[in-house]
Amino acid sequence: MYRIIPRGPDLVVEAAGPIEAVKLMVELRRRGTRWNLFGITTHETFELDGGRTHFLEGRMDASFGTTPLAMQKAIRLMRAA
């Protein structure tokens, strides 16, 4: 992954669902990364290193729903990649 994005990602969206995807998202963070929990809907837990999370100064969001406009924008972004 870091061969493609040497500095690491600016944004990580977990949209797959398995807890392993959430754990991967946490590992991929770098300073300033925004990360969003979207796919996981189960009541599972994952760990965060408090100090690392503090010093990375990231922003975590969670999403539950979406709109047709947001889905169209996501498809356009995927096509552009």
Side-chain angles (χ1 to χ4, degrees):
M1 204 297 285
Y2 289 102
R3 287 180 289 173
I4 299 169
I5 308 172
R7 288 187 17 190
D10 294 326
L11 169 68
V12 180
V13 178
E14 181 284 308
I19 191 68
E20 292 80 11
V22 176
K23 291 176 182 178
L24 176 61
M25 175 187 64
V26 170
E27 290 175 23
L28 292 174
R29 295 175 304 151
R30 63 160 180 84
R31 187 176 183 118
T33 297
R34 291 181 57 198
W35 43 299
N36 181 278
L37 289 166
F38 177 76
I40 190 164
T41 57
T42 57
H43 296 280
E44 297 181 73
T45 60
F46 61 96
E47 292 186 25
L48 290 175
D49 178 314
R52 181 169 186 259
T53 299
H54 172 82
F55 289 110
L56 286 178
E57 298 182 311
R59 181 175 144 200
M60 184 269 206
D61 296 301
S63 300
F64 178 69
T66 188
T67 65
L69 181 62
M71 293 301 291
Q72 291 169 357
K73 184 176 181 179
I75 291 169
R76 280 196 308 275
L77 288 170
M78 287 187 285
R79 285 183 180 152

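For the pair Arg59 and Trp35, the cation does not sit on the ring face, since its NZ or CZ is not both under 6.0 Å from the ring centre and inside 45° of the axis.
Residues Lys73 and Arg76 form a side-chain contact, since some pair of their non-hydrogen atoms from C-beta on lies under 4.5 Å apart. Between Arg52 and Arg29, the closest side-chain pair of non-hydrogen atoms falls below 4.5 Å. Contact annotation: the side chain of Leu24 never approaches that of Val26 to less than 4.5 Å [non-hydrogen atoms, C-beta and beyond]. Asp49 places none of its side-chain heavy atoms less than 4.5 Å from the side chain of His54.
Summarising the hydrophobic clusters (Ile, Leu, Val, Met, Phe, Trp, Tyr; side-chain heavy atoms under 4.5 Å, direct or chained), the residues clustered with Met78 are Ile75. The hydrophobic cluster analysis finds Phe55 isolated: no Ile, Leu, Val, Met, Phe, Trp or Tyr side chain comes under 4.5 Å of it, directly or through other members.
Met25 and Leu11 fall into different hydrophobic clusters, where Ile, Leu, Val, Met, Phe, Trp and Tyr residues are linked whenever their side-chain heavy atoms come under 4.5 Å apart, directly or through other members. Ile19 and Met60 fall within a single hydrophobic cluster, where Ile, Leu, Val, Met, Phe, Trp and Tyr side chains are chained together by heavy-atom contacts under 4.5 Å.
Atom NZ of residue Lys23 and atom CD1 of residue Ile40 lie 9.0 Å apart, to the nearest 0.5 angstrom.
Panel note: side chain Thr33, backbone Gly58; no donor-acceptor pair is recorded below 3.5 Å. Under a 3.5 Å cut-off, the side chain of Glu14 and the backbone N or O of Gly17 do form a donor-acceptor pair.
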Query - Pair Asn36-Val12, side-chain contact (heavy atoms from CB on, under 4.5 Å): steps then yes or no - result: CA-CA 6 Å; Asn36 181 278; Val12 180; over 6 Å; no

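Other residues, nucleotides and ligands contribute more than 12 heavy atoms inside 6.0 Å of the CD atom of Glu44.
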